[in-house]
Amino acid sequence: MVSRKLHPAIEYLHDPKRGLFIVPKRGGDVVRYAPNKVQRDIRAAVQDDFEKGRPIRHIYLKARQQGVSTEVAAIQYSMARTRRNFTALVLANDMQTAEDLWEQKYRVFADYDAENPDRGSDEAAKRGGFFDLLSGRRLKFSDTRSKIGVRFAGKDKGRGVTAQGLHITEFPFIPDIEAFWESIRPTMLDDPATSIFIESTGSKPKDLFESMWYAAVKHETEHGEPGEWRAFFWPWTDSEEYVRLLNAEEAEALEESLTDYELWMLETGNTEEWKARHLPVTLAHIAWRRKMLQSFSGKGGLGSFQRAYPFTPEEAFASQRISIFDVGVMAWYRNAMESAPIEAFDIRLTRHKKPIIEPSEMGPVHVFIPPSPRRSYLIAADAASEHDDFRNYSESGAVVIERETGEIAATYTMKLNAETFAEALYGLGVHYRMAEIAVEAKAQGHTVLSRLNRDLAYPNLTRRLGAPDDRGVMRSVNKLGVDTNAKTRALFVDGLERVVNERRVGIHCKRLLDQMSNFCELETGRKRGVHSRDDLVIALAIAVFYARSGEEWDLKQGVEFDRRNLTTRRARVYRHPILDDDDDDDRGDLSPLMAMAMGTKHSAWKRVGRG
């Protein structure tokens with residue numbers, strides 16, 4: 001059996017003859033450093049990068065007091081002990097943090113190092129000994145000639161940085177972070193031999209840290225491997241000490257009083273997917289959370305708690321602005337209704353305007369309920385704003401809703417131009433039995449409408465309603481599309497907020513629920529998604545308004561779908577739900593709109609199978 005080659009710093013940390021000592025959180029005598037679950041994950045990630053030849057570029061999103069700074073300090077210290085002429089630099093967001101990292105981490109590591117002949121004594125740092133103390137919270141090892149420094153990172157403090165290891169704590173809270181980061185980038189990122197660790201608790205929405213973290217997640221999700229950065233997140237439940245032990249009576253009482261959110265936490269935190277990456281969630285976690293929330297009652301409440309102790313990344317970044325949708329209701333949707341799509345595919349048109357469906361697990365169309373001849377559908381679409389550079393496009397989104405039930409049948413979201421979005425809507429509309437398509441009549445929405453109406457001749461487009469009058473009545477306007485000015489947008493969003501909080505719309509899509517959890521009211525009074533990720537929410541708001549036709553949908557009970565009874569249509573030849581291939585002469589069930597769109601019975605569709 002071939003032995004595994006360890007990263008030199010990891011090998012140093014694992015050496016039983018060496019080991020590091022730290023000061024416990026509650027003070028007292030130093031103890032041998034034993035990594036917790038989060039710290040072991042960091043160590044494993046460094047080893048994984050080493051084995052795969054990747055430069056270490058880590059960005060950590062975490063809860064308070066999970067030991068991330070301690071583990072990164074241990075790794076940087078070990079690098080300085082195993083490499084010659086290595087410089088490790090720690091940049092803190094304020095002077096107090098810099099002082100704590102220096103006194104509680106690096107000085108203790110060096111003073112109690114097993115190789116230090118004067119370990120633990122006042123002579124440990126005497127000049128010419130094991131290490132020398134330099135000015136400005138710096139030390140230099142006599143044998144490796146490597147250096148470690150800790151300093152405050154303020155404006156322009158990153159200029160001229162030359163280090164092989166960089167650790168930045170509470171990254172988004174560094175003063176003038178954009179200018180600081182631009183001064184760091186040229187000297188650090190271009191060298192693959194450097195190691196960079198960035199960490200923070202939750203930050204305010206739409207800042208540099210959030211952008212970098214989500215960009216790293218998106219790249220790994222879309223490409224199956226890390227890009228320039230690797231993003232990591234640990235919920236607060238991954239900390240072993242964040243529990244409150246209960247006796248049998250207390251546990252029973254807690255179980256009987258669980259809220260929707262707490263039920264969702266327990267459900268989510270005990271799935272196999274969750275337990276493969278995190279510690280399982282227990283009633284002891286719920287009890288600890290309830291007690292901690294009491295201490296946050298006068299400190300910003302739930303939002304401040306979520307920022308300090310996030311259970312999901314969305315909570316960490318959205319915590320300063322609470323979603324307009326009730327947190328308990330959103331937890332109920334995730335627990336009772338959220339499900340994986342029964343089918344995912346891409347959809348495009350041939351040069352003869354015939355839709356082609358291409359099954360793909362990464363496809364932009366997620367189907368939760370297939371088309372049915374006993375249902376009618378409406379597709380609401382939010383077209384993205386467009387820029388000269390395709391990389392700067394925002395995402396376009398569409399929602400397919402069953403008019404009769406208020407169930408979300410499918411969602412579509414993708415970064416693409418207006419013409420291609422129009423073609424996708426055309427194909428999706430035909431797929432759902434010539435569904436009515438409602439598109440925002442503004443900006444790129446005009447291009448989408450023009451393509452659908454003039455070029456593709458789609459026959460079932462929504463006619464516009466004007467702004468509401470003083471009595472709130474919408475006036476009809478003989479124009480295509482949906483007018484989403486300030487008044488109508490507020491009307492749509494308020495209507496969506498009501499039906500969601502009353503649980504009258506059936507939402508099964510995770511990416512839609514994620515956007516809804518981050519749909520907040522800004523200081524200006526406008527309601528929008530954090531980081532402008534709200535294409536599906538706006539589409540759903542339009543869909544709810546136009547699909548209801550004045551009728552109330554039933555309250556949703558969290559139906560468990562039986563996938564054995566849902567047609568997944570994996571066959572190479574597509575069979576339309578109201579047209580059987582074996583009955584070539586039966587056209588009785590075709591509506592005039594369907595017949596107009598299909599031309600001949602089978603010419604409108606092609607199906608590309610998996611092979």
Side-chain angles (χ1 to χ4, degrees), residues 13 19-36 38-39 42-43 58-81 87-113 116 119-120 122 124-125 131-141 147-155 157-158 161 163 165-175 177 180 184 195-203 209 234 236 239-242 295 299 304 307-309:
L13 290 171
L20 299 179
F21 287 81
I22 60 170
V23 177
K25 288 182 181 179
R26 294 176 176 82
D29 295 334
V30 296
V31 296
R32 186 175 290 275
Y33 175 44
N36 61 28
V38 172
Q39 294 163 337
I42 294 174
R43 197 170 294 189
H58 292 182
I59 179 166
Y60 304 129
L61 175 61
K62 63 186 182 69
R64 281 185 187 173
Q65 300 296 315
Q66 288 188 308
V68 172
S69 296
T70 301
E71 177 62 18
V72 175
I75 291 173
Q76 290 239 92
Y77 181 88
S78 301
M79 288 179 176
R81 296 298 302 126
T87 299
L89 178 62
V90 186
L91 298 175
N93 61 302
D94 57 45
M95 294 297 292
Q96 184 59 52
T97 303
E99 188 66 28
D100 289 345
L101 283 168
W102 172 251
E103 292 293 339
Q104 302 296 320
K105 304 292 190 298
Y106 290 97
R107 275 300 308 270
V108 175
F109 290 162
D111 285 342
Y112 289 88
D113 193 301
N116 187 348
R119 61 189 304 268
D122 294 336
F131 67 91
D132 293 334
L133 282 177
L134 308 178
S135 61
R137 290 187 293 273
R138 295 182 300 151
L139 62 83
K140 180 179 180 180
F141 294 106
K147 300 177 183 177
I148 296 175
V150 182
R151 70 190 198 196
F152 165 63
K155 184 177 179 180
K157 293 292 181 67
V161 168
L166 178 64
H167 175 200
I168 307 177
T169 70
E170 296 300 335
F171 180 80
F173 303 102
I174 290 174
I177 183 60
F180 166 79
I184 287 285
S195 303
I196 307 177
F197 304 89
I198 293 176
E199 51 138 322
S200 181
T201 51
S203 61
F209 180 72
W234 294 280
W236 63 266
S239 298
E240 291 94 335
E241 63 267 31
Y242 292 160
S295 66
K299 304 175 184 178
S304 295
R307 177 177 168 181
Y309 302 100

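Residue indices begin at 1 and follow the sequence shown. Below, all heavy atoms of this structure are taken into account, side chains as well, without hydrogens, waters or symmetry copies. Everything numeric here is computed off the predicted structure, so don't read it as measured data.
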Engineer: Once side chain to side chain donor-acceptor pair (under 3.5 Å) is applied, do any residues pair with S69, and if so which ones, sequence neighbours excluded?
Structural biologist: E199
Engineer: Is the backbone of V150 close enough, under 3.5 Å, to the side chain of R137 for a donor and an acceptor to pair up by distance?
Structural biologist: yes
Engineer: So, D100 and T97: side-chain donor and acceptor under 3.5 Å apart, yes or no?
Structural biologist: no
Engineer: Output all residues satisfying side chain to side chain donor-acceptor pair (under 3.5 Å) with W102, sequence neighbours left out; order by chain, then residue number.
Structural biologist: none
Engineer: Just to verify, what does A88 make a side-chain contact (heavy atoms from CB on, under 4.5 Å) with, not counting sequence neighbours?
Structural biologist: Q76, F86, I148
Engineer: Would you give the length of the straight line joining atom CG of L61 to atom OG of S200, rounded to the nearest 0.5 angstrom?
Structural biologist: 7.5 Å
Engineer: Can you confirm whether V68 sits close enough to I42 that some side-chain heavy atom of one is under 4.5 Å from a side-chain heavy atom of the other?
Structural biologist: yes
Engineer: Could I get the full list of ring-ring contact (aromatic ring centres under 6.0 Å, His included) partners for Y77, not counting sequence neighbours?
Structural biologist: F109, F141
Engineer: To the nearest 0.5 Å, what is the distance between OG on S304 and CZ on R307?
Structural biologist: 7.5 Å
Engineer: Can you name the salt bridge (Lys or Arg N to Asp or Glu O under 4.0 Å) partners of E103, sequence neighbours left out?
Structural biologist: none
Engineer: Check the pair W234, Y60 against side chain to side chain contact (heavy atoms under 4.5 Å, CB included), reporting the backbone distance first and the verdict last.
Structural biologist: CA-CA 8 Å; W234 294 280; Y60 304 129; 3.5 Å; yes
Engineer: Would you say K105 and I22 make side-chain contact, with heavy atoms under 4.5 Å?
Structural biologist: no
Engineer: Considering residues at least two apart in sequence or located in another chain, which fulfil the salt bridge (Lys or Arg N to Asp or Glu O under 4.0 Å) criterion with R138?
Structural biologist: none
Engineer: Rounded to the nearest 0.5 Å, how far apart are CD1 of I198 and OG1 of T169?
Structural biologist: 11.0 Å
Engineer: Write out all pairs satisfying salt bridge (charged side-chain N to carboxylate O under 4.0 Å, His left out) with one or both partners inside residues 64-79, taking only residues at least two apart or from two chains.
Structural biologist: R43-E71
Engineer: Give the intermediate values and the outcome of side chain to side chain contact (heavy atoms under 4.5 Å, CB included) for residues Q39 and Y33.
Structural biologist: CA-CA 11 Å; Q39 294 163 337; Y33 175 44; 3.2 Å; yes
Engineer: Please round to the nearest 0.5 Å and tell me the distance separating atom CD1 of I59 and atom CD1 of I168.
Structural biologist: 9.5 Å
Engineer: Which residues satisfy the side-chain contact (heavy atoms from CB on, under 4.5 Å) test with V23, sequence neighbours excluded?
Structural biologist: V30, Q104, V108
Engineer: I need the L89 CG to L91 CG distance, nearest 0.5 Å.
Structural biologist: 4.0 Å
Engineer: Could you work out, with side chain to side chain donor-acceptor pair (under 3.5 Å) as the rule, every residue matching T201, not counting sequence neighbours?
Structural biologist: E170
Engineer: Who are the side-chain contact (heavy atoms from CB on, under 4.5 Å) partners of E240, not counting sequence neighbours?
Structural biologist: N36, K37, R40, L279
Engineer: Tell me the closest heavy-atom pair linking I75 and L13, and the distance in Å.
Structural biologist: CG1-CD1, 4.2 Å
Engineer: For Y106, which residues count as a side chain to side chain donor-acceptor pair (under 3.5 Å) partner, sequence neighbours excluded?
Structural biologist: none
Engineer: What distance do F131 atom CZ and K147 atom NZ have between them, rounded to the nearest 0.5 Å?
Structural biologist: 15.5 Å
Engineer: Spell out, as yes or no, whether a donor-acceptor pair under 3.5 Å connects the side chain of D94 to the backbone of F152.
Structural biologist: no
Engineer: Taking side-chain contact (heavy atoms from CB on, under 4.5 Å) as the test, write out the residues that go with S239, two or more places apart.
Structural biologist: Q66, E241, Y242
Engineer: Could you walk me through whether Y112 and L20 satisfy the side chain to side chain contact (heavy atoms under 4.5 Å, CB included) test, starting with their C-alpha distance in whole Å, then the side-chain angles of each, then the deciding distance to 0.1 Å, before giving a yes or no?
Structural biologist: CA-CA 7 Å; Y112 289 88; L20 299 179; over 6 Å; no
